[in-house]
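Okay, structure first, notes after.
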Amino acid sequence: MAFTCGFHPEAIAEYADAAAYYLQNASAEIAEDFVTAVESAVAGFTAAPDRWRIVEAPEVRRCVLRRFPFVIYYRAEPRGERVTIYAVMHCSREPGYWQQRLD
């Protein structure tokens with residue numbers, strides 16, 4: 001059974017900003033490939049939320065994109081079948097900047 005998925009508002013903004021960056025600075029094809037990579041990762045961990053290991057408390061997991069220098073931080077919520085994405089983080093960002101979003 002697949003979990004439903006939701007983005008923290010700041011995580012969806014990061015995702016949109018990254019896609020816009022690739023569209024403006026690379027090409028429409030690269031931007032589309034980035035969106036496909038994120039959507040594929042999301043489909044994977046909503047189908048199997050424990051697929052990636054826990055890296056942060058409480059129960060936050062990190063999914064590493066292969067082609068792009070991004071990681072996705074998410075958590076399967078304790079109640080219900082929902083996954084929340086807290087960050088779509090470029091690997092050059094300061095680690096942990098997104099943790100206040102867990103509150």
Side-chain angles (χ1 to χ4, degrees):
M1 167 177 49
F3 282 47
T4 60
C5 183
F7 282 79
H8 185 279
E10 291 177 65
I12 197 73
E14 290 171 338
Y15 179 23
D17 289 348
Y21 173 85
Y22 284 121
L23 183 60
Q24 293 170 1
N25 295 290
S27 69
E29 182 179 340
I30 298 296
E32 183 176 338
D33 289 350
F34 173 73
V35 170
T36 299
V38 171
E39 297 300 320
S40 177
V42 169
F45 61 69
T46 55
D50 59 348
R51 178 181 205 158
W52 294 89
R53 69 183 183 90
I54 295 171
V55 295
E56 301 283 341
E59 307 271 331
V60 176
R61 298 172 187 271
R62 178 180 62 210
C63 173
V64 180
L65 298 184
R66 291 180 188 214
R67 182 174 171 198
F68 296 92
F70 282 83
V71 295
I72 301 171
Y73 287 94
Y74 71 95
R75 178 173 66 184
E77 299 302 333
R79 294 187 200 115
E81 283 112 15
R82 181 175 176 79
V83 170
T84 301
I85 296 170
Y86 290 98
V88 179
M89 183 184 100
H90 190 278
C91 292
S92 68
R93 298 260 340 238
E94 181 71 31
Y97 74 90
W98 55 271
Q99 290 176 332
Q100 86 282 353
R101 298 175 188 175
L102 293 170
D103 297 333

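This is a predicted model, so every value here is computed, not measured.
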Under 4.5 Å between side-chain heavy atoms, counting indirect links through other Ile/Leu/Val/Met/Phe/Trp/Tyr residues: same cluster for [X] and [Y] or not?
| X | Y | value |
| --- | --- | --- |
| Val60 | Leu65 | yes |
| Val88 | Ile12 | yes |
| Met89 | Ile54 | no |

Work out which heavy atom in [X] is nearest to a heavy atom in [Y]; give both atom names and the distance.
| X | Y | answer |
| --- | --- | --- |
| Phe3 | Arg82 | CD2-N, 3.4 Å |
| Arg51 | Tyr74 | N-OH, 4.4 Å |
| Pro49 | Arg61 | O-CD, 3.1 Å |
| Thr46 | Cys5 | CG2-CB, 3.6 Å |

| request: Check the pair Thr84 / Phe7 against side-chain contact (heavy atoms from CB on, under 4.5 Å), numbers first and verdict last. | output: CA-CA 6 Å; Thr84 301; Phe7 282 79; over 6 Å; no

| For Val71 and Cys63, what are the C-alpha separation, side-chain angles and deciding distance, and is it a side-chain contact (heavy atoms from CB on, under 4.5 Å)? | CA-CA 5 Å; Val71 295; Cys63 173; over 6 Å; no

With the side chain counted from C-beta on, respond yes when [X] and [Y] share a heavy-atom pair under 4.5 Å apart, and no when they do not.
| X | Y | answer |
| --- | --- | --- |
| Leu23 | Tyr21 | no |
| Cys91 | Phe70 | no |
| His90 | Pro69 | yes |

Output a table of donor-acceptor pairs, distance under 3.5 Å, between side-chain atoms of residues 29-40 and any protein atom two or more places apart or on a different chain; print 'none' if there are none.
residue	atom	partner	partner atom	Å
Asp33	OD2	Arg67	NH1	2.6
Thr36	OG1	Glu32	O	2.9
Glu39	OE2	Tyr15	OH	2.6

| said: Check for me whether the distance between the ring centres of Tyr22 and Phe68 falls short of 6.0 Å. | reply: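 Between Tyr22 and Phe68, the centre distance is under 6.0 Å.
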
| So, Trp52 versus Phe45, ring centres under 6.0 angstrom or not? |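 No, too far apart.
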
| For Tyr97, does the OH atom sit with more than 12 other heavy atoms under 6.0 Å from it, leaving out its own atoms? |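 Atom OH in Tyr97 is crowded, with more than 12 foreign heavy atoms closer than 6.0 Å.
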
| query | Is the backbone of Glu81 close enough, under 3.5 Å, to the side chain of Thr4 for a donor and an acceptor to pair up by distance? | reply |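 Pair found, side chain donor or acceptor close to backbone of Glu81.
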
| field | Those residues that, when tested against Gln99, pass side chain to side chain donor-acceptor pair (under 3.5 Å) (two or more places apart) | value |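 Partners of Gln99 under the side chain to side chain donor-acceptor pair (under 3.5 Å) test: Glu56.
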
| field | Tyr86: which of Glu14, Arg75, Arg101, Glu10 passes side chain to side chain donor-acceptor pair (under 3.5 Å) | value |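 So the option named by the test is Arg75.
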
